[in-house]
A.B. asks: 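Quick one: structure below, then a few questions.
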2 protein chains.
Amino acid sequence: MGRPSAREQVLDAYEDLLIEKGLAAVTLDAVAARADVSKGGLLYHFKSKDALLDGLIERLLDRTSQDTEHARAAPEGMVRYLLGTSVTDADMAKPAHRTSVATLRLIGSEPKADEALAASFRMWTDLAREYVDDPLTAELLGLISDGLYLRATLMGGDLRSPVLDDLPEVLRRLGITDSRVTGDPDDGPAGAGAGGP
Amino acid sequence: MGRPSAREQVLDAYEDLLIEKGLAAVTLDAVAARADVSKGGLLYHFKSKDALLDGLIERLLDRTSQDTEHARAAPEGMVRYLLGTSVTDADMAKPAHRTSVATLRLIGSEPKADEALAASFRMWTDLAREYVDDPLTAELLGLISDGLYLRATLMGGDLRSPVLDDLPEVLRRLGITDSRVTGDPDDGPAGAGAGGP
DNA sequence: GTTTCTTGACCGTCCAGCCGGTACAGTTTG
DNA sequence: CAAACTGTACCGGCTGGACGGTCAAGAAAC
């Protein structure tokens, strides 16, 4: 952290290419060109293509755990934060989301990526379980979230889901009313006040 | 073209390799070897690697539409059929499921596959919408199903979800009681199969 | 001066697609 | 009948290009 190093640029370029052109287009030359470094420069920071993947995975795990922490404090509520991100953030401004979608492109080609994604999803499910007492509800939440992510990958930008438009109703269906989760001012100044930890 | 012998074998081998070894391991030589034909033989039936992909996609669309028809008549109910397949059929005995999972491995590498998968998922969502009046419920059903598929791909065989164990409760949460959908003998507003908390 | 970082030419491997074959089952011609 | 011909199905060696990775040589930072 600290310097906008070439290393980060390379990782960004790697993500960009994965998202925009797909795995097939990701060659060391292409990543290097996108990152405005030479191939040799790239290989100085990542000793192999596999090491590049490791870098992405590390970033994914890192950013996901940060993101789950962020969700805890989200004024709109944990669930809204969770479900909203994959749909709202179609242009992928949020780094964590971008990294997730990029890694999703590696499904089936890189076992390591599969594993990391599973771990990443598990972090969210664990968080959900922490907030929602009923395990089944938490599971459903996780599945819906995963489904949204999958669709975000398949459909690209134009993902429109009724789930967004009617989130309060979704929450009600799942049996979630806790304002800590929904972010609604259910009873009293729940989270919006932000009066400190 | 009368006897679809070698051609089908090649397509089967293609699926096998995608599922077991991933995209990286799929070369024309490997597919040919697996299918017990020579590379030349393979290329006789599929003029290029891309044509092989087209064959898989055609098969996916074909089998999916057959499968949705099958779901209509499923004695266990449409929803149970939909949600159950991805989890229960871990060994992928069902051809349609096998083809779906194989195609899932191409996400992010082959835009055509992305498109086909989206179309395939849409068939299921459309079916759900047909059975379930409320669009939101249908959407949630679709998302949960997609989520299960994604996890099936990520986790491989050992997919363990509470959703399976408590399907009646899931349906109840989503507001589905129609016996045509659940497969249960229609129960009144009171009755529920499982005793919830 | 040493360490950190960057470069681009170069090399070996791998693989998609090409192509010149083989086998064999009809079909036509004499 | 058989010889000659035709079309279908399949085989496997070859090659040209792409791609991952190496390296000797600097440039920049310290």
Side-chain angles (χ1 to χ4, degrees), chain A residues 1-59 102-103 105-113, chain B residues 1-59 102-103 105-113:
Chain A
M1 236 154 65
R3 338 191 336 207
S5 63
R7 198 190 141 93
E8 292 299 305
Q9 270 180 39
V10 167
L11 242 25
D12 287 342
Y14 186 29
E15 288 181 1
D16 286 350
L17 281 175
L18 276 174
I19 292 170
E20 288 169 26
K21 310 265 184 163
L23 174 59
V26 175
T27 66
L28 292 186
D29 287 292
V31 174
R34 180 78 170 224
D36 272 315
V37 297
S38 67
K39 198 206 276 201
L42 187 160
L43 283 163
Y44 173 79
H45 292 286
F46 301 93
K47 283 198 289 197
S48 68
K49 201 183 189 186
D50 199 60
L52 187 57
L53 172 62
D54 289 338
L56 182 69
I57 286 174
E58 189 188 334
R59 190 186 243 198
T103 312
R105 300 286 204 145
L106 298 172
I107 282 181
S109 306
E110 296 292 346
K112 272 195 270 184
Chain B
M1 319 269 171
R3 308 257 326 177
S5 157
R7 201 190 140 93
E8 292 300 304
Q9 268 181 36
V10 167
L11 242 25
D12 287 342
Y14 186 29
E15 287 181 3
D16 287 350
L17 281 176
L18 276 174
I19 293 170
E20 288 169 26
K21 312 263 183 157
L23 175 58
V26 175
T27 65
L28 293 186
D29 286 292
V31 173
R34 180 77 169 225
D36 271 316
V37 297
S38 68
K39 197 205 279 200
L42 187 159
L43 283 166
Y44 174 79
H45 291 287
F46 301 93
K47 282 198 291 192
S48 70
K49 204 182 188 185
D50 198 59
L52 188 56
L53 172 62
D54 289 339
L56 182 69
I57 286 175
E58 189 188 334
R59 191 186 243 195
T103 312
R105 300 286 203 144
L106 298 173
I107 281 182
S109 307
E110 296 291 346
K112 272 194 271 184

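Quick note on labels: first sequence line is chain A, next is B, and so on, each numbered from 1. These values consider heavy atoms only, across backbone and side chains, with no hydrogens, waters or symmetry-generated copies.
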A.B. asks: Going by the rule side-chain contact (heavy atoms from CB on, under 4.5 Å), which residues pair with A:Ala25 if we only count those two or more places apart in sequence or in a different chain?
C.D. replies: A:Lys21
A.B. asks: Can you sort out which residues in residues 47-55 of chain B have a heavy atom within less than 4.0 Å of DNA chain C? Ascending by number, please.
C.D. replies: B:Ser48, B:Lys49
A.B. asks: Taking only residues two or more places apart in sequence, or in another chain, which ones meet B:Arg59 in a side-chain hydrogen bond (donor to acceptor under 3.5 Å, both in side chains)?
C.D. replies: B:Glu8, B:Asp12, B:Glu15
A.B. asks: Please report the shortest heavy-atom distance between B:Ala6 and B:Val37, naming the atom on each side.
C.D. replies: CB-CG1, 4.4 Å
A.B. asks: Who pairs with B:Ile19 by side-chain contact (heavy atoms from CB on, under 4.5 Å), at least two apart in sequence or on another chain?
C.D. replies: B:Met92, B:Arg98, B:Val101, B:Ala102
A.B. asks: Can you find a pair of side-chain heavy atoms, one from B:Leu17 and one from B:Leu23, that are under 4.5 Å apart?
C.D. replies: no
A.B. asks: Which parts of residues 12-28 of chain A get close to DNA chain C, meaning a heavy atom less than 4.0 angstrom away?
C.D. replies: none
A.B. asks: Provide, to the nearest angstrom, the distance between the OH atom belonging to B:Tyr44 and the P atom belonging to D:dG12.
C.D. replies: 17 Å
A.B. asks: Please give, in whole Å, the distance from C:dC15 P to B:Leu42 CG?
C.D. replies: 15 Å
A.B. asks: Considering only side-chain heavy atoms of A:Leu43, which listed nucleotide, C:dT7, D:dG12, D:dG21, is closest?
C.D. replies: D:dG21
A.B. asks: Applying side-chain contact (heavy atoms from CB on, under 4.5 Å), can you list everything that pairs with B:Thr27, at least two apart in sequence or on another chain?
C.D. replies: B:Asp29, B:Ala30
A.B. asks: For C:dT4, take OP1 and OP2 only and decide whether either is under 4.0 Å from a side-chain N or O of A:His45.
C.D. replies: no
A.B. asks: Under 3.5 Å, which N/O atoms of the protein pair with N/O atoms of nucleotides 21-25 of chain C?
C.D. replies:
none

A.B. asks: From CG of A:Asp36 over to C1' of C:dG8, roughly how many Å is that when rounded to an integer?
C.D. replies: 16 Å
A.B. asks: Applying salt bridge (Lys or Arg N to Asp or Glu O under 4.0 Å), name anything that partners A:Arg105, two or more places apart in sequence or on another chain.
C.D. replies: B:Asp114
A.B. asks: List the residues meeting side-chain contact (heavy atoms from CB on, under 4.5 Å) with B:Ala33, not counting sequence neighbours, and say none if there are none.
C.D. replies: none
A.B. asks: Starting at atom CZ of B:Phe46, determine the distance to atom P of D:dC10, rounded to an integer number of angstrom.
C.D. replies: 11 Å
A.B. asks: Distance check, rounded to the nearest 0.5 Å: A:Leu18 atom CG versus A:Leu106 atom CG?
C.D. replies: 5.0 Å
A.B. asks: Could you list all N or O pairs between the protein and nucleotides 23-29 of chain D that sit under 3.5 Å apart?
C.D. replies:
none

A.B. asks: Return the nearest nucleotide to the side chain of A:Lys39; candidates are D:dG21, D:dC11, C:dC5.
C.D. replies: D:dG21
A.B. asks: Enumerate the residue pairs fulfilling side chain to side chain donor-acceptor pair (under 3.5 Å) with a member in residues 42-58 of chain B, sequence neighbours excluded, ordered by first and then second residue.
C.D. replies: B:Asp50-B:Lys112, B:Asp54-B:Lys112
A.B. asks: Would you indicate whether the side-chain heavy atoms of B:Leu52 and B:Val26 approach each other to under 4.5 Å?
C.D. replies: no
A.B. asks: Within this structure, what is the CG-CG distance for the pair B:Leu43 and B:Leu28, rounded to the nearest 0.5 Å?
C.D. replies: 5.5 Å
A.B. asks: Which heavy atom of B:Leu11 sits nearest a heavy atom of B:Phe46, and at what distance?
C.D. replies: CD1-CZ, 3.7 Å
